[in-house]
Amino acid sequence: NAGVMQNPRHLVRRRGQEARLRCSPMKGHSHVYWYRQLPEEGLKFMVYLQKENIIDESGMPKERFSAEFPKEGPSILRIQQVVRGDSAAYFCASSPRLYSGANVLTFGAGSRLTVL
Amino acid sequence: DQQVKQNSPSLSVQEGRISILNCDYTNSMFDYFLWYKKYPAEGPTFLISISSIKDKNEDGRFTVFLNKSAKHLSLHIVPSQPGDSAVYFCAASVGSGGGADGLTFGKGTHLIIQP
């Protein structure tokens, strides 16, 4: 009875490297959200995806960040050329269908990225 | 600009007493509000929600109150238990049927229940 699985749980990167964070949604869920929590801040929406389609990426930084949710496999949040300001906890959440409503979201435990 | 504000970073309450967590918002378009609870090293979990057509919603020990004129909501936990120690996030959105891409979170309040 796996919930939303995120890996790695902790990732350390040096400035300029690439970070890849993976998210497998809950069984039966076909929609994925990514949120970022900077230190001492609340969660901020980044992107909303369904399989092979980006529904809303209004919260994604314009450069260096990309997300995908392929037909097979987990959703991936990719950060190129990381900078110290990218250090944060990245949470993935899944829902069963399009615009299910926020109260049925299931969050993963998060991936903590540290940029040295 | 912080549209959802939780002005108390932490709150300490004795076991058995009432815990009151507060949240203020500035966007008058928000009409659906949620509280999430988060333990260390875990993701947030949904706790309770309220639509703007109501001023109170109750679920067991948890009650959320909404004061639209003051743009203020509060979460009451009574009686408080040690397992309630966690970070509580207030969140708001425009429309309850919308996606969670519309959710705006506060910074959270760390509730500590003292034995």
Side-chain angles (χ1 to χ4, degrees), chain A residues 2-10 21 23-26 29-50 53-60 67 88-112, chain B residues 1-10 21-27 30-52 54 57 59 62 64 86-110:
Chain A
V4 177
M5 304 301 292
Q6 289 189 247
N7 67 82
R9 293 294 310 277
H10 299 275
L21 309 176
C23 169
S24 295
M26 197 165 172
H29 286 192
S30 57
H31 293 78
V32 162
Y33 301 80
W34 284 95
Y35 284 82
R36 176 167 66 173
Q37 185 183 19
L38 295 168
E40 310 300 323
E41 297 287 329
L43 283 75
K44 288 197 177 351
F45 166 75
M46 299 181 77
V47 63
Y48 176 23
L49 310 109
Q50 66 180 136
N53 188 28
I54 296 174
I55 298 172
D56 182 352
E57 57 181 348
S58 59
M60 286 280 270
Y90 292 82
F91 290 95
C92 172
S94 71
S95 66
R97 56 193 170 276
L98 186 66
Y99 294 125
S100 304
N103 59 331
V104 299
L105 277 191
T106 303
F107 279 87
S111 292
R112 183 164 295 280
Chain B
D1 178 37
Q2 195 79 15
Q3 295 188 65
V4 176
K5 298 177 184 177
Q6 294 178 256
N7 291 321
S8 298
S10 66
L21 296 97
N22 293 304
C23 178
D24 298 289
Y25 60 96
T26 57
N27 187 344
F30 287 145
D31 58 3
Y32 187 60
F33 305 90
L34 308 92
W35 285 94
Y36 288 85
K37 177 179 178 180
K38 184 183 178 305
Y39 292 119
E42 293 184 14
T45 54
F46 169 74
L47 193 57
I48 193 169
S49 63
I50 188 167
S51 163
S52 61
K54 294 186 173 183
N57 188 25
D59 183 2
F62 302 90
V64 55
V87 177
Y88 289 79
F89 290 99
C90 173
S93 71
V94 178
S96 60
D101 48 348
L103 272 183
T104 301
F105 282 85
K107 293 184 180 183
T109 296
H110 185 192

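By convention in this document, chain letters (A, B, ...) are assigned in the order of the sequence lines, proteins followed by strands, and residues within each chain are numbered from 1. Just so it is clear, the structure is predicted and the values come from calculations on it, not from any experiment.
- Counting heavy-atom pairs closer than 4.5 Å to chain B, the top residue among A:C92, A:A93, A:G108 is A:G108.
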Residue pair B:L103, A:Y35: steps toward the side-chain contact (heavy atoms from CB on, under 4.5 Å) verdict: CA-CA 10 Å; B:L103 272 183; A:Y35 284 82; 3.8 Å; yes
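- Shown here for A:E40 and B:K107, the closest heavy-atom pair between the two residues is O-CD, 3.4 Å.
- There is no contact between A:R112 and chain B, counting heavy-atom distances below 4.5 Å.
- Of all heavy-atom pairs spanning A:A109 and B:A41, the tightest one is CB-O, 3.6 Å.
- Across all their heavy atoms, B:K38 and A:F91 have their closest contact at CE-CZ, 3.4 Å.
- Separating the OH atom in B:Y36 from the CG atom in A:L105 is a distance of 5.0 Å, to the nearest 0.5 Å.
- Contacts between A:Q6 and chain B at a heavy-atom distance below 4.5 Å are absent for every atom of the residue.
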